[in-house]
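A short worksheet on the structure shown next.
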Amino acid sequence: MSSKRCTVIGGSGFLGRHLVERLVDRGYTVNVFDIRQAYELPGVTFHQGDLCDKQALLVALKDVSIVFHCASPAPGSDDRALFQRVNIDGTQTVIQACHEAGVQKLILTSSASVVFEGTDIKNGREDLPYAKKPIDYYTETKIQQEKLVLEACSKEKGFLTVAIRPHGIFGPRDPQLVPILVDTARRGKMKFIIGDGSNLVDFTYVENVVHGHILAAEHLKADSPLCGQAYHITNDEPVRFWDFMSQILVGLGYSAPRYHLPYTLVYGIALLLWLIALVLRPLIRIKPTFTPMRVALAGTHHYYSCTRAKKDMGYQPPVPLQEAIVRTVESYPHLQKGA
Ligand SMILES: NC(=O)c1ccc[n+]([C@@H]2O[C@H](COP(=O)([O-])OP(=O)(O)OC[C@H]3O[C@@H](n4cnc5c(N)ncnc54)[C@H](O)[C@@H]3O)[C@@H](O)[C@H]2O)c1
Ligand SMILES: CC(C)=CCC[C@@H](C)[C@H]1CC[C@H]2C3=C(CC[C@]12C)[C@@]1(C)CC[C@H](O)[C@@H](C(=O)O)[C@@H]1CC3
């Protein structure tokens, strides 16, 4: 079995597609497994299916030595049952299918948010405990998913696993950060800075996240320190949350937020709106823009050390933050003001 045959589960998604493109450039033979086929690429074989379906997965894992698992329901979905089914039960199915297909390495896309509880994290390392009170179902199930994958690592069975924990991925084709930001600005809701605006955060360019995944796959060996470990992958350039948002907004022709609102006030309002939405759910579906999670992410410090990734796999982010912002802004001409 060639060590350059791999399957990307979730390969139609934002991160997954960038990963697939890079793998192809590096001479890998790539299968994509996803519930939808979003594009076509020479040399890539698509398998459409649900990762909870082991038989469908087994077809896509045949003769493959590396599996990248970067599928997940969208974090904004509030569907607890879906998160449980895909991120927990589905990941168990992925592990089982890897065993049956003789896959040697599984690289999971986890998230740095598995340790975030809505309060400041400054230069957080991987040995921080998992969040005891995860801020949403997405995070709750990402924690369980990461545990499952890391516990499955077995040198005896010849099945090695590692988890990559990116934070705040952005870049061309991102369906989330920039589109939500622009939509919020177009509705006139991006005038305010939550808190004093000094909170530092990691935003990570998608190509750097891809680089971290490929390094992890190539360094994961039975005698390497990567086995069964989690790694933060960031741009290693924490930035003020509101400076980052302002740069994207101004780059796209919108005004930067200017007026300050106290963090506790906005968080309280977001919590109240979330409760109202929950109570009214049987009658009407309301999706507030400023959820408690978004307010917490916008008003606290959350940046992470990637010293472990530098030491164990020689990670350095190839694309610096300023260049990444410019490339991202240029990639969204349709979201420019007035477009
Ligand atoms: N975007 C971020 O800021 C960020 C940060 C940290 C971690 N992550 C993680 O990175 C991974 C990729 O995120 P993304 O931003 O590219 O999301 P995305 O929504 O663009 O991609 C996820 C892909 O998974 C697929 N998928 C969902 N359910 C599936 C199922 N049951 N079976 C098969 N495929 C399924 C979707 O069709 C989609 O193509 C996720 O695991 C996410 O938790 C994302
Ligand atoms: C206040 C406001 C409405 C800002 C608009 C931008 C937000 C939509 C955006 C800012 C930080 C982002 C973020 C995520 C989603 C989009 C944001 C809230 C994640 C929660 C997505 C899931 C990842 O796993 C998280 C991670 O650990 O990287 C992201 C954290 C940052």
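Whatever order the structure lists ligands and atoms in, that order sets their numbers, starting from 1.
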Tell me if the aromatic rings of F192 and H260 count as close, with their centers under 6.0 Å from one another.
no
Regarding K310 and D236, does a basic nitrogen lie under 4.0 Å from an acidic carboxylate oxygen?
yes
Salt bridge (charged side-chain N to carboxylate O under 4.0 Å, His left out) assessment of E140 paired with K132
CA-CA 9 Å; E140 196 177 312; K132 286 189 190 63; over 6 Å; no
May I ask you to list the atoms of ligand 2 that are less than 4.0 angstrom from any heavy atom of G168?
26 (C), 28 (O)
Residue Q176 vicinity, atoms of ligand 1 by number, heavy atom under 4.0 Å
1 (N)
Judged by heavy atoms only, the candidate from L51, V114, L82 nearest atom 32 (N) of ligand 1 is L51
Shortest protein contact, atom 9 (C) of ligand 2 (heavy atom only):
L177 CG, 4.1 Å
Can you tell me the protein heavy atom closest to atom 19 (O) of ligand 1 and the distance?
S72 O, 4.3 Å
Per-atom contacts of ligand 1 with Y138, taking only distances under 4.0 Å to non-hydrogen atoms:
7 (C), 8 (N), 9 (C), 42 (C), 43 (O)
Taking atom 7 (C) of ligand 1 as the reference point, the nearest protein heavy atom with its distance
S110 O, 3.1 Å
For Y304, is there any backbone N or O sitting under 3.5 Å from a side-chain donor or acceptor partner on D202?
yes
G49 touching ligand 1 at heavy-atom level, < 4.0 angstrom
yes
For this output row, return yes or no: ring centroids of F170 and F244 closer than 6.0 angstrom.
yes
For the 3.5 Å polar cut-off, considering only N or O atoms, please tell me whether R85 and ligand 1 meet it.
no
Taking E207 first and then R17, would you say they form a salt bridge - that is, a charged N and a carboxylate O separated by under 4.0 Å?
no
Give a yes/no verdict on whether any heavy atom in F170 is under 4.0 Å from an atom of ligand 1.
no
What protein heavy atom sits nearest atom 19 (C) of ligand 2, and how far away is it?
L297 CD1, 4.5 Å
Ligand 1 contact on V86 by region, counting heavy-atom pairs under 4.0 Å
side chain
Between ligand 1 and C52, can you find any atom pair, the residue atom being a heavy atom, that is separated by under 4.0 Å?
no
Would one find an N or O of G13, backbone or side chain, under 3.5 Å from an N or O of ligand 1?
yes
Element-labelled atoms of ligand 1 that are located less than 4.0 Å from some non-hydrogen atom of K142:
40 (C), 41 (O), 42 (C), 43 (O)
Among protein heavy atoms, which lies nearest atom 34 (N) of ligand 1, and at what distance?
I35 N, 3.4 Å
Atom 7 (C) of ligand 2 touched by protein (heavy atom, under 4.0 Å)
no
Centroid separation H167 to H302 less than 6.0 Å:
yes
Nearest non-hydrogen contact to atom 10 (C) of ligand 2 from the set M245, H167, R294 belongs to M245
Within a 6.0 Å radius of atom NZ on K191, are there more than 12 heavy atoms belonging to other residues, nucleotides or ligands?
no
Mind telling me whether H301 and Y303 have parallel, tilted or perpendicular rings, with 30° and 60° as the class edges?
perpendicular
D50-ligand 1 polar pair, N/O distance under 3.5 Å
yes
Tell me, which protein residue and heavy-atom name are nearest atom 5 (C) of ligand 2, and how many Å apart are they?
L181 CD1, 4.0 Å
Nearest non-hydrogen contact to atom 3 (C) of ligand 2 from the set F290, F244, Y138 belongs to F290
Between E218 and K4, is there a side-chain N and carboxylate O pair less than 4.0 Å apart?
no
Any idea which atoms of ligand 2 are less than 4.0 Å away from a heavy-atom of I180?
8 (C)
Considering both backbone and side-chain atoms of L15, is one of its nitrogen or oxygen atoms within less than 3.5 Å of a nitrogen or oxygen in ligand 1?
yes
Option of least heavy-atom distance to atom 3 (O) of ligand 1 (set: I169, T93, I9, I233):
I169
Looking only at the side chains, is there a donor atom on one of D196 and S198 sitting less than 3.5 Å from an acceptor on the other?
yes
Would you check the N or O atoms of S113, main chain and side chain alike, for any that come under 3.5 Å of an N or O of ligand 2?
yes
Please list, in number order, the atoms of ligand 1 under 4.0 Å from a heavy atom of S111.
6 (C), 7 (C)
Trace of the ring-ring contact (aromatic ring centres under 6.0 Å, His included) decision for F46 with F33:
CA-CA 6 Å; F46 281 87; F33 183 89; over 10 Å; no
At under 4.0 Å between heavy atoms, what of Q176 touches ligand 2? The answer is side chain
Is it true that E146 and K142 have a side-chain N and a carboxylate O under 4.0 angstrom from each other?
no
Which heavy atom of the protein is the closest neighbour of atom 6 (C) of ligand 1, given with residue, atom name and distance?
P166 O, 3.6 Å
Does ligand 2 have any atom that is closer than 4.0 Å to a heavy atom of F241?
yes
